[in-house]
Q: 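One structure, pasted below without further comment.
Just the heavy atoms: all of them, side chains too, but no hydrogens, waters or symmetry mates, feed the values below.
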Amino acid sequence: IFVDDMRRLDIACLPPSLGHSEPAFSVEQHGAGRAVRYALAGLKNVGEKAMETLVAERRAGGPFPSLDDLTQRIDPSLLNKRSIETLAAAGAFDALNPDRAAVQAGAETILAAAQSAKSMRDSGQGGLFGGDESDAPALRLPAVAAWTAGETIVQEKDAFGFYFSAHPIAQYAAQLAAMPIVRQSDLAALPPLRPGQKKSIKMAALVENVRRRDGRRGAFYMAEFSDQTGQFGASCFEDAAGKALIEAAEQSACVLLDIELDLRDGMDSARMTVRHASPIGSAGALGSAGAGGPAGAPQRDPRWRLRVQVESPQAITGMAAILRPLSGGRSELVLDVPAAGGRARISLGRTFRVDETLRERLKSLEGISHVAELEPAGSPPLRLVF
């Protein structure tokens, strides 16, 4: 809620970082303005004392240039496997290694290296935080598949307790752009209904929870949903739709909803009833929404162009880890980078799956000064331009 309030006020909230964050929330320069940096101790399963000690070492010995350096300088007794996994899921290690999946999978490896370095210090080969990194073997993290955008969002939810960089529905912004979708925040602005009047709308949301109940006229379902703008609840009396919602809730999936608004006598607000639910991305869901082509016809990812202004080479390394699992699409990524005599535009090709989730992750990456809004990529691909 805190982060949502800041975004509504157009106040930037930067992700937690072992290189920049304090134990508590802090304010720092960001581009031409200022931004709030998320607190390390504000994450779940991360102790405040541990983060105070880690930040104190960073101040005394300088920034951590690598994971190897970090393991040589931290006190492993203040951390555990779960806290490292949480820090990785939240992106706190991104400046040291942007592959969150590998860092999280290597939590025990990181702890073992830190414990080995501490043993060397305790045996007289270094001070409390000053071991000789050159004598230590290089840290080797497990080779695991990079997280998809959806997996990253879910991992962040576990670490923060809420959706930080983007709501899961943001993955489907491109597919939903041409649909008459009503968001939770739009409900209050809909024309008021008269008693006995009904209205059909379409919504797209994450299924948070579904409960089956027995009523006088048989079983029905009570479901809770959320989108980027808020949460809402609806009932469902269609058995097929109810079962689809239960399955979606079990998979933490987003669905396209056909909802009927019904205002009855004596009611202050309209009742929301789910008439149909389809997983977003399915042929049935997109076809029924009028996204182009007949219902049930195969749907292709739309083409988008995303322009990113890069200021430092380090940002390219971070981008590579983020983009690795996003190949196989039809959207174009364009970089605006420093070059001799000015700047250059470089197209990385039209092979990416681009959505709002990617925009949010790139915006928080160090070394990137601007990420433009998504735009249709109907024109020919951009080439290298000086």
Side-chain angles (χ1 to χ4, degrees), residues 3-4 7-8 10 12-15 30-31 91 147-153 156 163-186 202-206 226-229 254 256 280-281 285-286 289-293 299-311 315-316 318-337 343-365 367-383 385:
V3 174
D4 288 340
R7 285 172 177 158
R8 280 192 289 269
D10 199 26
C13 183
L14 303 177
H30 180 62
W147 291 336
T148 63
E151 289 170 336
T152 299
I153 291 173
E156 286 185 351
Y163 298 110
F164 179 76
S165 63
H167 187 277
I169 202 70
Q171 301 172 79
Y172 308 102
Q175 293 98 311
L176 300 172
M179 302 183 193
I181 299 298
V182 176
R183 300 178 302 172
Q184 187 276 339
S185 61
D186 300 328
K202 291 188 181 294
M203 300 186 74
L206 172 73
S226 68
D227 63 15
Q228 306 100 312
T229 65
C254 296
L256 190 67
I280 297 178
L286 294 178
Q299 302 291 326
R300 300 181 67 190
D301 290 337
R303 288 177 176 169
W304 296 96
R305 178 176 293 148
L306 183 61
R307 302 176 189 266
V308 182
Q309 189 164 321
V310 179
E311 304 299 340
I316 301 298
M319 288 182 62
I322 294 174
L323 294 173
R324 192 176 303 126
L326 300 180
S327 60
R330 304 196 304 154
S331 293
E332 182 181 16
L333 193 66
V334 179
L335 304 186
D336 182 315
V337 301
R343 301 187 68 86
R345 286 185 300 168
I346 303 174
S347 173
L348 300 184
R350 285 183 170 176
T351 60
F352 300 97
R353 288 180 285 115
V354 169
D355 57 24
E356 290 296 326
T357 305
L358 175 61
R359 282 192 70 245
E360 292 298 326
R361 289 199 66 189
L362 293 179
K363 282 165 62 178
S364 64
L365 202 60
I368 290 179
S369 57
H370 180 68
V371 182
E373 299 287 340
L374 292 176
E375 60 182 67
S379 56
L382 294 173
R383 302 301 180 190
V385 177

Q: Under a 4.5 Å cut-off applied to non-hydrogen side-chain atoms, are Leu256 and Tyr172 in contact?
A: no

Q: Apply side-chain contact (heavy atoms from CB on, under 4.5 Å) to the pair Leu306 and Val371, showing each step before the final yes or no.
A: CA-CA 8 Å; Leu306 183 61; Val371 182; 3.8 Å; yes

Q: Taking all non-hydrogen atoms of both residues, which atom of Pro168 and which atom of Leu206 are closest, and how far apart?
A: CG-CD2, 4.2 Å

Q: Any idea which heavy atoms bring Ala166 and Ile153 closest together, and the distance?
A: O-CG2, 3.5 Å

Q: If I take atom CZ from residue Arg350 and atom CG from residue Leu348, how far apart are they, to the nearest 0.5 angstrom?
A: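 So the gap between those two atoms works out to 13.0 Å.
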
Q: Give me the atom names and distance for the closest heavy-atom approach of Ile169 to Ala205.
A: CD1-N, 3.6 Å

Q: Using every non-hydrogen atom in the two residues, find where Leu365 and Ala315 come nearest and quote the distance to one decimal.
A: CD2-O, 3.7 Å

Q: Under 4.0 Å between a side-chain nitrogen and a carboxylate oxygen: does that hold for Asp227 and Arg183?
A: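 Salt bridge flag = no for Arg183 with Asp227.
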
Q: Just how far is it from atom OG of Ser369 to atom CG of Asp336, taken to the nearest 0.5 Å?
A: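 The OG atom of Ser369 sits 7.5 Å away from the CG atom of Asp336.
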
Q: Which distance, rounded to the nearest 0.5 Å, do you find between the CG of Leu323 and the CZ of Arg353?
A: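 So the gap between those two atoms works out to 10.5 Å.
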
Q: How long is the gap from CZ on Arg359 to OG on Ser165, to the nearest 0.5 Å?
A: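 Going from the CZ atom of Arg359 to the OG atom of Ser165 covers 12.0 Å.
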
Q: Please name the pair of heavy atoms, one in Ile181 and one in Leu176, separated by the smallest distance, quoted to 0.1 Å.
A: CG1-O, 4.2 Å

Q: Measure the CD-CZ distance between Glu332 and Arg307 for me, rounded to the nearest 0.5 Å.
A: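 Glu332 atom CD to Arg307 atom CZ measures 8.0 Å (nearest 0.5 Å).
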
Q: Would you compute the distance between atom CG of Leu335 and atom CE of Met319 and round it to the nearest 0.5 angstrom?
A: 4.5 Å

